[in-house]
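As a basis for the values below, the full set of heavy atoms in this structure was taken, side chains included, without hydrogen atoms, waters or symmetry mates.
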Amino acid sequence: MPERSISAWGLALTLLLGGCSNLPLPFDPRMFDSLGYQIAELFDSEEKEIIDKAELEALNALDEIPLLWKTRIGDSDMASFHVAFENDAVYVADEDGQLTRLDPQTGEKIWEVKTKNPFSAGVGAGEGMVLVGSSKGEVFAFNESGHTLWKSQVSSEILSPPQIKENMVVVRTTDGRVNGLDALDGKRKWFFQGATPALTVRSSAGVAITQGAVFAGFAGGKLVGMSLFTGNVGWEAVVSQPRGVTELERMTDITSSPAIDDRLICAVAYQGRVACFQIIDGTQIWARESSSSEGLTMDSDYVYVSEEKGVLAAYDKRSGAGMWKQVKLGSKNLTAPIVTSQYVVIGDDKGYVNILRNYDGVVLARAATDGSAILSRPQRIPEGFVVQTAEGGVFAFSTQF
């Protein structure tokens, strides 16, 4: 799942506010900064996950998802890497600064690039380029043969894959900035500064790009649409508004990338709502109470949200009506989902992947990887999907079973 934490300053503020020991932990304990480690352990010890035995037995009795291939790269102790599929190639990266191209049919390593710069985000791919980022705010661009094209410096740590569209590279940083870089040489063309409240969720939220526009959600529950070429804001919309008394209760950050199609854009906030808007002007179509730190996806009929406490929910795309919820997936920490054909695919923090029927949420098949957490949403490939685990496992599965 995406890495996330409260900053050291935020943790100190949280302690001052009091009452923290009874609050649920929506964050990955690995990702607490500096003085937060002991607090993470405190939360972790009090928030034990209990899965019903009958639930696990039912999941273990399911058909097994066929494995196409597997391979291994470096571990990811802190970063959450996304697998990229582009132009009949799979790209994966790790914290050791290695970028690898794999054959999507066999998993064979086509090439490896080993750099001296530890990576913290990746992989983004498109238009003949492969992009990764570092904790020092460095953006690295390679071509499809693994040769370095350029390196660019942005303002702070990068936790989400850089994206490329129409010769513009868009990079999001942890200080709330969205940067537009020239794909030719990496020079900055523009930046947009988003909201940065005192207490925020440290997340790997990225951006969505379509129709010459960039869309990003921010701390405080705002969704912003801006020009891909200039960074000028076209519209702002409210996904969720802060509620509660303490700063922690009022935290309602959008910590995942929006989901888009030709007409709609949808986003979800932690401790907030899921909402869909018209792409053209930001007019709200519908909104429903929801909480997610992982994200959502959509198809032609439904919006699928990976909600808190291990719930996968489906909402009608046109009205927002609740269609179904699946609560028995064997984990309280799910990845964002993807849709492939008539199936919804989702991973979890125990290294399992599940395939559900899209129209009713019935779990059809399940498979294990290496027992470590799946760090980000699965990635579609022609024969199925690929996941990457915290221990560096890369597993490709078939959706034909």
Side-chain angles (χ1 to χ4, degrees), residues 2-14 26-28 31-34 36 78-80 82 120-122 124 131 133-139 152-163 168-181 188-209 213-228 230-242 247-248 250-258 265 267-273 275 277 282 292-295:
E3 70 284 9
R4 48 201 187 274
S5 71
I6 303 178
S7 67
W9 190 95
L11 282 167
L13 173 61
T14 301
F27 314 109
D28 184 344
M31 293 306 300
F32 278 71
D33 296 328
S34 58
M78 298 289 284
S80 173
H82 293 243
S120 62
L131 301 155
S134 80
S135 59
K136 296 180 179 179
E138 301 158 312
V139 185
S152 182
Q153 184 71 47
V154 291
S155 56
S156 67
E157 184 178 22
I158 303 166
L159 294 180
S160 60
Q163 303 293 319
M168 289 293 298
V169 172
V170 181
V171 184
R172 183 165 183 168
T173 51
T174 55
D175 58 1
R177 284 192 176 188
V178 179
N179 304 268
L181 311 179
R188 192 178 73 188
K189 307 290 285 186
W190 57 265
F191 75 88
F192 171 82
Q193 179 66 61
T196 53
L199 188 62
T200 63
V201 180
R202 182 176 182 268
S203 75
S204 57
V207 300
I209 306 175
V214 179
F215 300 94
F218 292 94
K222 277 193 175 182
L223 180 65
V224 179
M226 64 200 81
S227 168
L228 172 62
T230 66
N232 292 337
V233 174
W235 53 259
E236 293 186 3
V238 175
V239 175
S240 182
Q241 292 184 334
E247 289 295 323
L248 194 59
R250 292 175 60 79
M251 191 164 56
T252 182
D253 299 356
I254 299 173
T255 61
S256 56
S257 303
I265 178 165
V268 63
Y270 169 67
Q271 294 189 146
R273 302 189 305 174
F277 307 85
S292 175
S293 55
E294 301 304 331

Do you see a donor-acceptor pair shorter than 3.5 Å between the side chains of S80 and S204? no

Expected output: side-chain N232 to main-chain S227 donor-acceptor under 3.5 Å: no

Side-chain donor or acceptor of R172 paired with backbone N/O of V178 under 3.5 Å: no

Between D253 and T255, a side-chain donor and acceptor under 3.5 Å: no

Output the distance between atom NZ (K136) and atom OG (S120), rounded to the nearest 0.5 Å. 11.0 Å

Counting N and O atoms only, with roles assigned by atom type, does the side chain of Q163 sit under 3.5 Å from a partner on the main chain of P161, one being a donor and the other an acceptor? yes

Side chain S160, main chain A205, donor-acceptor under 3.5 Å: yes

Taking all atoms of both residues into account, what is the closest heavy-atom pair of G206 and P258, and its distance? O-CD, 4.3 Å

Determine yes or no for a side-chain-to-main-chain donor-acceptor pair under 3.5 angstrom, with S156 supplying the side chain and D175 the backbone. yes

State, to 0.1 Å, how close S240 and T252 come at their nearest heavy-atom pair, and which atoms those are. OG-OG1, 2.9 Å

Looking at every non-hydrogen atom in both residues, tell me the closest pair between G220 and P242 and how far apart they are. O-CD, 4.1 Å

R177 and S155: which non-hydrogen atoms are nearest, and at how many Å? CD-OG, 3.5 Å

Pairwise distance OH(Y270) to CD1(I254) - rounded to 0.5 angstrom: 14.5 Å

Taken to the nearest 0.5 Å, the spacing of I209 CD1 from M226 CE works out to 10.0 Å

Looking at the rings of F192 and F218, which for Trp means the six-membered one, are their centres under 6.0 Å apart? yes

What's the verdict on side chain to side chain contact (heavy atoms under 4.5 Å, CB included) for V239 and F277, showing C-alpha distance, side-chain angles and the deciding distance? CA-CA 9 Å; V239 175; F277 307 85; 3.8 Å; yes

Looking at OG of S135 and CD of E157, how far apart are the two atoms once the value is rounded to the nearest 0.5 Å? 5.5 Å

Kindly give the heavy-atom pair with the smallest separation between R188 and N179, and that separation in Å. CD-OD1, 4.0 Å

In short, I265 meets W235 closest at the heavy-atom pair CG2-CH2, 4.0 Å

To the nearest 0.5 Å, atom CD of Q153 lies from atom CG of L181 at 11.0 Å

Near E236 CD, under 6.0 Å, is it more than 12 heavy atoms from other residues, nucleotides or ligands? yes

